[in-house]
Number of protein chains: 4
Amino acid sequence: MDKRERIIKAAIEVFRKQGIEKTKISDIVKAAGIAQGTFYLYFPSKLSLMPAIAEVMVAKTLEIVKDRVSDDAPFPLRMEQLVDAIFEVNEEYHEIQALIYSGLASTEHLKNWETVYAPFYKWVSDGLQQAIDEGVIRNSVNPDRTARLVIGLVESAAEQIYLYDTDKEDEAVIQKNEVKNFLKNALAID
Amino acid sequence: MDKRERIIKAAIEVFRKQGIEKTKISDIVKAAGIAQGTFYLYFPSKLSLMPAIAEVMVAKTLEIVKDRVSDDAPFPLRMEQLVDAIFEVNEEYHEIQALIYSGLASTEHLKNWETVYAPFYKWVSDGLQQAIDEGVIRNSVNPDRTARLVIGLVESAAEQIYLYDTDKEDEAVIQKNEVKNFLKNALAID
Amino acid sequence: MDKRERIIKAAIEVFRKQGIEKTKISDIVKAAGIAQGTFYLYFPSKLSLMPAIAEVMVAKTLEIVKDRVSDDAPFPLRMEQLVDAIFEVNEEYHEIQALIYSGLASTEHLKNWETVYAPFYKWVSDGLQQAIDEGVIRNSVNPDRTARLVIGLVESAAEQIYLYDTDKEDEAVIQKNEVKNFLKNALAID
Amino acid sequence: MDKRERIIKAAIEVFRKQGIEKTKISDIVKAAGIAQGTFYLYFPSKLSLMPAIAEVMVAKTLEIVKDRVSDDAPFPLRMEQLVDAIFEVNEEYHEIQALIYSGLASTEHLKNWETVYAPFYKWVSDGLQQAIDEGVIRNSVNPDRTARLVIGLVESAAEQIYLYDTDKEDEAVIQKNEVKNFLKNALAID
DNA sequence: TATGAATGAGTCTTCATTCAT
DNA sequence: TATGAATGAAGACTCATTCAT
């Protein structure tokens, strides 16, 4: 398999288990089954992995979202499915979300944020545009901006729940409902 | 000035400039004008500073929010003022927001997140409760949860704008309006 | 062009720019436009290049010296021309002189010093012998030894001038005159 | 004892034994009896030691020279004593001479050459001036420049002998005589 | 409390060398 | 011969932490 990909996969696994700070390059290469020096052929440092990891995670998120949201369902249902999907990803990968955030936050890689999230934003934006065209949400909504708001809202809501490892299914259900109502009203036709 | 406070102030400055990862204890003490060993009389590690920093930042945020939001204005205006205030803080301290997040995210100090943000959540929650009592927003709103959603939404919206240093006042205005509309609808009585 | 030669040429260039210590094999092969592994088909190590480089440099020096010194001029003039020639080479290649020295100095390749410089020593020695025969310099001069002294003297004088990149033509002229006088007297018939 | 000095002393010893290339920082600190990290409090790298070592060596040389050359001897004798002294130092420290040369040759530290050699140049120059004043050498001699020539000549002659470890006392005697004659004539009143 | 030179374990990083193609 | 991706041993270097003052 492609070495670069193996490094990214291994890094995600190791970061999840022990966090970024405590992870040594040697842990990553061990997990990837490659030599120490090989790492540096693909990445100049541990933090420079973050954009690549973020990309993978966003791709994975988008994949799950696309799978969970039915193309032909009515908009309100699709929105609920979107919320569920984001919560689902966040439950599975909450440590990664946090580390992507903190990893990208490290100044130099910040600039990649937009690029990395772009496909996800685009997908939600398209959905909103379609809903506007169908007249099922208020047409004062700017699809691009609102896509960002929706994703930001739902991810932050999910993070607040899954920040702590403790598995809180009940909590999650309540929070999801609150978000769904919040969203439904936010977009609703007045 | 109190040494502990000097350390926190210095740490905030240095973290802003070079990020958490790249900041050494020696950078902090240099900026604080104290001796290397003195640091350890107040904090056991670099990351243990994060809760203290977060506390300072939340206090500062709350202070500005309280100042900008008029007690006696009608609710929709107060909400707009809240959005403006959060954007204002974020513009000034956007790197800090990111680093608090990533700093607290580092496993051990995660638990403090709730505690640190509590007063801010409380203040917004109280405002929502009052609005419900006055019947100016839908009473299906759960004030505590929604306070978190509102803050999460607005902060993520602000971060998206101020992530990049480039000063984009126009951008900010548009984004703020979008958020205000989004929020107004989200909370509105159906 | 012959690969071996390309390696030597590239090495000279790179060594000049960044010094021996800081030059990696990879820098040399990059400059030579060949593959990493190819280097080892021609040289077992970085330092093993030094004798080859030294040989090239001495050949170049001898070539210039032979060109600048007129066969049929009287001895004092020929000596002046020799000084001029050595300074000329040194001006162009002063970093190389230094690095040959330090490169050869690295233990293993030291033994080649004599071999490499031999033709140059021989040429000067022959010139001195001829001058003795002609009775134009004192006959207490030992041609072989004195050849070494003369070359050592003039090269060290030139190095002192050209050590610093700054182009100091005036300085060089003065220094050359001093050396010429020094030499003239050193060899003169008492 | 002062740590910096201990590092320099230890480095000289270790460099002599195993050469610059083969010497690890860890060898130096072991010999100096200090911790690995302590080295970096005083020097940023192995090569940055070279100017300091050179300084020590020149000081040592000057010390020996001053000791061997009698203040009140006639000039020709003093000059012979100078030659003997330089050969003596070179015999004892020929590896160091070579490594100073190659160490200083490493571009960045080159600029210190003049500074480091200054006291030695000065001392010889003063001696020449005095000899001119006394009328025992030709007054067309420029003391400063000639000091450099003399030192360059004698050191290069000595290096040619002691470059190879093999102890060649006979060789040295002959070479010294040749140099002495060469010098005597070079400076002699015409 | 405060200092800051010293420590050295822990990592990162380099780069000469190999070898399957 | 030639290639260049991969290797991993070897060392450089960092920096949190200590402790004598």
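Within every chain, numbering begins at 1; the chains are lettered A, B, ... in the order of the sequence lines, protein sequences first and strands thereafter. Every value quoted in this text rests on a predicted model; they were computed, and no experiment measured them.
With a 3.5 Å ceiling on both atom-pair distances, the Watson-Crick or G-U wobble partner of E:dT21 is F:dA2. Applying the Watson-Crick and G-U wobble criteria (two distances, each under 3.5 Å), E:dC15 pairs with F:dG8.
Rounded to whole Å, the distance from CZ on C:Phe39 to P on F:dG4 is 16 Å. D:Lys22 places its NZ atom 15 Å from the C1' atom of F:dA10, with the value rounded to the nearest Å. Atom CZ in B:Phe43 sits roughly 13 Å away from atom P in E:dA2 (whole-Å rounding). Atom CZ of D:Arg4 is separated from atom P of E:dA5 by 15 Å (rounded to the nearest Å). Following rounding to the nearest Å, C:Leu41 (CG) and E:dC19 (C1') show an atom-to-atom distance of 12 Å. Distance CD (B:Glu21) to C1' (E:dC12): 14 Å, rounded to an integer number of Å.
Distance check: A:Tyr117 OH to A:Glu114 CD gives 11.0 Å after rounding to the nearest 0.5 Å.
Contact annotation: B:Lys3 side-chain N/O to E:dT1 OP1/OP2 distance is not under 4.0 Å.
Within the 4.0 angstrom heavy-atom criterion, only backbone atoms of the sugar-phosphate kind lie near C:Tyr42; the bases stay farther away.
Annotation: proximity of residues 5-18 of chain A to DNA chain E (heavy atom, distance under 4.0 Å) is found for no residue. Annotation: proximity of residues 24-37 of chain B to DNA chain E (heavy atom, distance under 4.0 Å) is found for B:Ile34, B:Ala35, B:Gln36, B:Gly37, numbered in ascending order.
You'll find the side chain of A:Ile20 reaches within 4.5 Å of the side chain of B:Glu21, heavy atoms only. Residues D:Lys60 and D:Val89 have side chains not in contact (no heavy-atom distance under 4.5 Å, counting atoms from C-beta outward). Residues B:Arg6 and B:Lys9 fail the side-chain proximity criterion, which asks for heavy atoms closer than 4.5 Å. Contact annotation: the side chain of D:Phe15 approaches that of D:Met50 to within less than 4.5 Å [non-hydrogen atoms, C-beta and beyond].
For the pair B:His94 (side chain) and B:Glu159 (backbone), a donor-acceptor distance under 3.5 Å is absent.
What you find for C:Lys46 and C:Ile28 is that their closest heavy atoms are CG-CD1, 4.5 Å. Heavy atoms only, all atoms of each residue included: D:Phe43 and D:Ile8 are closest at CZ-CG1, 3.9 Å.
Crowding of A:Arg16 atom CZ: a count of heavy atoms from other residues, nucleotides or ligands under 6.0 Å exceeding 12.
Taking for each of B:Pro44 and D:Pro44 the nucleotide of DNA chain F with the nearest heavy atom, the 5'-most of the two is the partner of D:Pro44. Between C:Lys46 and A:Lys46, the residue whose closest nucleotide on DNA chain E is further toward the 5' end is A:Lys46.
Considering only the side chain of C:Tyr40, E:dT18 comes nearest among F:dA2, E:dA6, E:dT18.
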